[in-house]
Protein chains: 2
Amino acid sequence: MSAKAATGMDRRTGVALWRQIADQIRQGIGAGHFGEGGRLPPETALAERFGVNRHTVRGAIAALVQEGVLRAEQGRGTFVEKRKRLSYPIARRTRFSEGLRDQAQERRGHLLDHAHEAAEPRVAAALGLDADAPVLRVETMSEADGRPVSRATSWFDAARFEGIAEAIAETGSVTLAYRRHGVEDYFRQSTIVSARHADAVDLAALRLAPGAIVLVAVAVNVDTEGRPIQFSETRFAADRVELAVAE
Amino acid sequence: MSAKAATGMDRRTGVALWRQIADQIRQGIGAGHFGEGGRLPPETALAERFGVNRHTVRGAIAALVQEGVLRAEQGRGTFVEKRKRLSYPIARRTRFSEGLRDQAQERRGHLLDHAHEAAEPRVAAALGLDADAPVLRVETMSEADGRPVSRATSWFDAARFEGIAEAIAETGSVTLAYRRHGVEDYFRQSTIVSARHADAVDLAALRLAPGAIVLVAVAVNVDTEGRPIQFSETRFAADRVELAVAE
DNA sequence: TCAATTCGTCTATTGATATAGACAACTATA
DNA sequence: TATAGTTGTCTATATCAATAGACGAATTGA
């Protein structure tokens with residue numbers, strides 16, 4: 001394998017070289033190749049390693065500076081800014097803020113939007129409702145230390161959970177909002193994890209660079225009697241979060 | 001929100017529009033928007049929906065035809081070739097071929113490569129070995145119905161599992177290879193799921209289009225006495241697989 | 001058979017991407 | 001205070017990506 005091919009750069013693929021390089025550098029940082037606050041190799045060295053022109057590397061670095069991952073200082077070098085990836089636990093008892101307790105100083109949830117609508121087939125199936133039954137759709141996002149972590153769309157049975165959006169907005173917590181509706185405890189029944197490119201709405205909400213990846217977790221929560229109470233699709237910024245599956 | 005922005009197309013991002021559109025169409029197929037063997041809307045309609053020129057849509061379709069996802073017929077339309085996303089279970093007893101029994105006719109594992117090496121820190125920690133202890137690294141990939149599904153790098157304690165690579169090559173099964181080394185049963189102790197762009201090696205092995213996403217599952221298997229026997233990093237083609245977390 | 005629909009191909013133009021080279025501006029250090 | 005090493009900026013050129021319009025080729029159904 002030639003030195004050039006080994007770098008993973010592909011041409012004529014619809015993905016610009018500067019973006020491929022930016023992705024590799026970001027990934028290298030996540031893997032700890034440069035250390036916290038460490039210095040990147042000089043642009044000329046990176047250009048040689050990736051087999052491209054120095055200007056192309058500069059494009060990649062500019063994008064990562066824009067993202068807040070790198071900081072370039074004229075005459076000195078280019079340095080790593082980014083923090084470590086958060087590890088988000090997925091288990092039978094999954095609670096957003098508890099799981100991140102040790103990893104972030106400040107955790108917050110936001111209610112972005114909510115609306116009544118008729119249940120789509122997959123929502124109706126998950127919640128055990130008839131097709132087109134009235135459901136509440138709630139859009140939330142969560143932050144840790146001021147960085148957006150995830151964005152979720154949740155559906156609730158409108159008949160049982162009328163007003164839960166307001167309760168989430170007031171308390172900032174789904175767990176507390178459940179209490180107000182007589183649900184003392186709840187469990188995660190199932191979780192399906194997949195990954196895709198972030199769409200425009202999530203890019204904006206999570207403050208991601210276009211082309212970024214989101215981890216998608218589709219989950220069903222049930223109450224202590226096993227009745228489904230929530231169906232949700234959560235998108236996590238893949239370069240900030242990993243999912244720890246407890247078994 | 002304008003109709004254009006709602007389509008999720010972003011310009012000046014280093015990702016060509018035709019590739020963004022190809023990714024969205026592929027994703028739409030995975031979500032079942034066109035049905036098995038279904039027909040895509042005409043190119044002119046797609047161009048309008050995505051807010052781009054017809055030629056740009058044609059670029060996206062050409063890429064998906066090349067991938068084997070679509071089939072274009074002059075005068076008739078463009079049709080879906082691809083099968084549904086496989087759902088790969090992750091649980092305490094995770095076995096590759098058993099989990100996919102109902103979803104694919106033919107399942108196969110391949111041994112690609114194996115080598116002795118000194119344990120990296122994360123490998124040593126996971127297997128409970130001293131740093132730089134001798135370990136066996138094994139590269140495998142798996143297919144379902146002739147389509148590459150995943151590619152894995154596994155590490156074993158060299159002292160305990162000498163020759164396991166050959167056993168995997170012969171039997172095509174990790175479970176059977178374990179038997180030969182006196183491990184009658186084993187469990188998954190932990191799994192960490194993340195996502196990233198596929199690197200050049202995985203692109204080739206999984207026959208993916210550049211820019212494609214892989215789901216990364218880092219796992220530790222333990223024997224019935226709780227001793228770690230395997231540390232592995234598996235990369236799944238994100239457009240062909242989803243991970244079903246059992247809880 | 002005819003018209004409508006749809007994919008396939010061609011030409012032309014514009015802006016983004018990538019390469020190449022040169023030199024300025026800044027930093028650290030011998 | 002030189003000097004080497006690094007990032008920042010400029011010009012120029014070639015190729016890719018995207019738009020625009022026109023027309024050919026194959027299929028379908030009236």
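By convention in this document, chain letters (A, B, ...) are assigned in the order of the sequence lines, proteins followed by strands, and residues within each chain are numbered from 1.
The CZ-P distance, from Phe79(B) to dT6(C), rounds to 11 Å in whole Å. Rounded to an integer number of Å, the gap from Arg19(B) CZ to dA18(D) C1' is 16 Å. Computed from coordinates, the Trp18(B) CH2 to dT17(C) C1' distance equals 14 Å when rounded to whole Å. In this structure, CG of Leu40(A) is placed 9 Å from P of dT7(D), rounded to the nearest angstrom. Note: CD1 (Ile21(B)) to C1' (dA18(D)) measures 10 Å, nearest angstrom. A straight line from CD of Glu48(A) to C1' of dT19(C) spans 16 Å, rounded to a whole angstrom. In this structure, CZ of Phe50(B) is placed 16 Å from C1' of dA18(D), rounded to the nearest angstrom. Rounding to whole angstrom units, CG of residue Asn53(B) and P of dG21(D) are separated by 9 Å.
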Subject >> Working for side chain to side chain contact (heavy atoms under 4.5 Å, CB included), residues Val57(B) and Val52(B) >> reply: CA-CA 7 Å; Val57(B) 169; Val52(B) 301; 3.8 Å; yes
Original post:
Checking side chain to side chain contact (heavy atoms under 4.5 Å, CB included) for the pair Gln230(A)/Val220(A): CA distance, chi angles, key distance, verdict?
Top reply: CA-CA 6 Å; Gln230(A) 178 185 11; Val220(A) 178; over 6 Å; no
**OP:** Could you go through the side chain to side chain donor-acceptor pair (under 3.5 Å) check for His114(A) and Glu139(A) one step at a time?
**Re:** CA-CA 6 Å; His114(A) 61 103; Glu139(A) 305 281 346; over 6 Å; no
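Checking Thr56(A) against Pro41(B), the closest nucleotide of DNA chain C that is more toward the 5' end is the one next to Pro41(B).
Under 4.0 Å is where a charged nitrogen must lie from a carboxylate oxygen, and between Arg196(A) and Glu233(A) at least one such pair does.
One finds the CZ atom of Arg39(A) at 10.5 Å from the CD atom of Glu73(A) (value rounded to the nearest 0.5 Å).
In this structure Arg58(A) satisfies the side chain to side chain donor-acceptor pair (under 3.5 Å) test together with Glu43(A), sequence neighbours excluded.
If you check the side chains of Glu117(B) and Trp155(B), you find a donor sitting under 3.5 Å from an acceptor. Under 3.5 Å, the side chains of Ser150(A) and Ser142(A) contain a donor-acceptor pair of N or O atoms.
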Restricting both atoms to N or O, compile the protein contacts to nucleotides 8-10 of chain C shorter than 3.5 Å, with distance only.
from: dG8(C); atom 1: OP2; to: Arg58(B); atom 2: NH1; distance (Å): 3.1
from: dG8(C); atom 1: N7; to: Arg54(B); atom 2: NH2; distance (Å): 2.7
from: dG8(C); atom 1: O6; to: Arg54(B); atom 2: NH1; distance (Å): 3.1

Can you check nucleotides 28-30 of chain C for protein contacts, nitrogen or oxygen pairs under 3.5 Å, and list what you find?
from: dA28(C); atom 1: OP1; to: Arg76(A); atom 2: NH1; distance (Å): 2.9

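You'll find the side chain of Arg71(A) stays beyond 4.5 Å of the side chain of Val65(A), heavy atoms only.
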